J.: 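Can you keep this structure in mind? I'll have questions shortly.
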Amino acid sequence: MRWLLIGIIALCNTVGDVLNTAGMKRQDEAELDPRSVAHMVARIFRNPLVLAGLGSLAVAFIALLSLLSISNVSFAVPATAISYLLETLLAKYVLKEKVTWRRWGAASLVAFGVVLLSW
Amino acid sequence: MDLRNSARTQKTQLLTLIVIVSNVVGNVSLSHGMRQVGKIVSASPLDYARAFANPWTVAGVLVLALWMITDLALLSRADLSFVLPVTASAYVLIAFAGHFLLHEHISAQRWVAIVLITLGVVLAEETPPRTTEGTREHLI
């Protein structure tokens, strides 16, 4: 049950972030003044990719709460670490970002660091 | 790099900073509030509503809502493979906040973790924030 929840958390986190990124790239680049922010938020409600992404993150959050109710925090950490690597992989192949060795190195160091921080 | 391009990069950097700070402030505030509220083990939504009587909890939730919006704004300007490692500096800042504000102990293992994450952040910071110019119609 625990490992199933970890799988759901990692998968839904990854899918959510990838959908959000794809959706937000279809909108104009965000500006920082209040009017533009309000406009951006209004557009998000008509952006099916971002709505699906937020839904996926909500599922990951509920799964995380369930996992925390049956085990301690450190058990949830592998899900975060897996997400970092999986998301970098999808950023390269689905979002077509230029993932250089620096970005792979960065994602790996962070994933390893996060595990070390909580275990 | 012309002037318009550097202004664009500065906006992305400012947005990155807001994402990191709102993540840290929101999480620290929320966990401080929830500790004051105490354990909630209940099936009744009313017991969870009780948590919202605490000002730290409310402040934490509001700041985390701001974090969610600025995170999406940042993703409209920068790559996911850039945003993920760079915003991980929040972990380092949360560890420091726990150490200096809540007087939590930082073990040798956690120091190693802080150094590794910081190296990852620096490595990602050296790459251009966005590499997908002009291809947005092809995404998914």
Side-chain angles (χ1 to χ4, degrees), chain A residues 13-14 17-32 36-38 40-41 43-44 47 49-50 52-54 57 69 80 83-92 94-119, chain B residues 8 10-12 14-15 18 41 65-66 68-89 91-92 94-95 106-133 135-140:
Chain A
N13 255 332
T14 303
D17 279 344
V18 170
L19 284 173
N20 279 347
T21 310
M24 290 310 293
K25 290 288 185 314
R26 292 193 175 189
Q27 302 196 177
D28 298 325
E29 289 199 340
E31 296 297 329
L32 301 175
S36 306
V37 173
M40 181 197 89
V41 174
R43 277 199 67 180
I44 285 173
N47 188 328
L49 284 176
V50 178
L54 292 176
L57 290 182
S69 74
T80 316
S83 299
Y84 273 105
L85 299 174
L86 207 55
E87 287 184 33
T88 307
L89 200 67
L90 292 185
K92 181 178 166 71
V94 177
L95 300 172
K96 312 287 184 203
E97 294 174 4
K98 287 197 184 71
V99 182
T100 54
W101 71 267
R102 280 176 203 272
R103 287 204 177 159
W104 275 119
S108 310
L109 283 168
V110 168
F112 192 53
V114 167
V115 172
L116 219 52
L117 197 60
S118 317
W119 255 358
Chain B
R8 196 172 148 228
Q10 275 178 359
K11 267 183 201 164
T12 305
L14 179 62
L15 211 45
I18 299 174
V41 184
L66 174 76
M68 190 78 242
I69 292 170
T70 49
D71 195 46
L72 287 173
L74 181 59
L75 285 174
S76 80
R77 303 181 71 97
D79 289 354
L80 179 61
S81 58
F82 173 85
V83 171
L84 278 179
V86 168
T87 51
S89 43
Y91 285 108
V92 174
I94 287 174
I106 299 183
S107 66
Q109 183 185 329
R110 297 194 91 200
W111 277 117
V112 174
I114 286 169
V115 170
L116 287 179
I117 295 173
T118 307
L119 283 175
V121 172
V122 171
L123 211 54
E125 275 280 3
E126 285 179 13
T127 66
R130 184 167 183 179
T131 62
T132 57
E133 214 74 59
T135 58
R136 52 185 180 159
E137 296 313 316
H138 301 293
L139 297 171
I140 299 192

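Proteins get letters first, then strands, A, B, ... in listed order; numbering begins at 1 in each. Computed from a predicted structure; not experimentally measured.
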J.: Report yes or no: does S36(A) contribute a side-chain atom to a donor-acceptor pair with the main-chain N or O of E31(A) at less than 3.5 Å?
T.: no
J.: Could you look at L117(A) and say if it's the side chain, the backbone, both or neither that has a heavy atom under 4.5 Å from chain B?
T.: both
J.: Is the backbone N or O of G23(A) less than 3.5 Å from a side-chain atom of N47(A), with the two atoms forming a donor-acceptor pair by type?
T.: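 A pair under 3.5 Å: yes.
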J.: Based on non-hydrogen pairs under 4.5 Å, which of A113(B), P85(B), S89(B), A124(B) is most in contact with chain A?
T.: A113(B)
J.: Using a cut-off of under 4.5 Å for heavy-atom pairs, which of S76(B), A73(B), G120(B) has the most such pairs with chain A?
T.: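 Of the options given, most contacts go to S76(B).
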J.: Side chain, backbone, both or neither: which part of A106(A) has a non-hydrogen atom closer than 4.5 Å to chain B?
T.: both
J.: If you tally heavy-atom pairs under 4.5 Å against chain B, which of T88(A), L32(A), L54(A) wins?
T.: L32(A)
J.: Side chain, backbone, both or neither: which part of V37(A) has a heavy atom under 4.5 Å from chain B?
T.: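 The side chain, not the backbone.
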J.: Are side-chain N/O atoms of T127(B) and R102(A) paired as donor and acceptor at under 3.5 Å?
T.: no
J.: Backbone N or O of L80(B) within a donor-acceptor pair of the E97(A) side chain at under 3.5 Å?
T.: yes
J.: Closest approach of P129(B) and T12(B), non-hydrogen atoms and distance?
T.: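 Shortest heavy-atom separation between P129(B) and T12(B) comes out as CB-CG2, 4.1 Å.
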J.: How long is the span from the CG atom in D28(A) to the CE atom in M40(A), to the nearest 0.5 Å?
T.: 11.5 Å
J.: Between the side chains of E29(A) and R8(B), is the shortest nitrogen-to-carboxylate-oxygen separation below 4.0 Å, so that they form an ion pair?
T.: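 Between E29(A) and R8(B) there is a salt bridge, with a charged N closer than 4.0 Å to a carboxylate O.
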J.: Do you know which of E126(B), R77(B), R110(B) has the most heavy-atom pairs under 4.5 Å to chain A?
T.: R77(B)
J.: For chain A, find which of D79(B), V86(B), I117(B), L74(B) contributes the most heavy-atom pairs closer than 4.5 angstrom.
T.: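 Heavy-atom pairs under 4.5 Å are most numerous for D79(B).
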J.: Heavy-atom cut-off 4.5 Å, strictly under: side chain, backbone, both or neither for L90(A) against chain B?
T.: neither
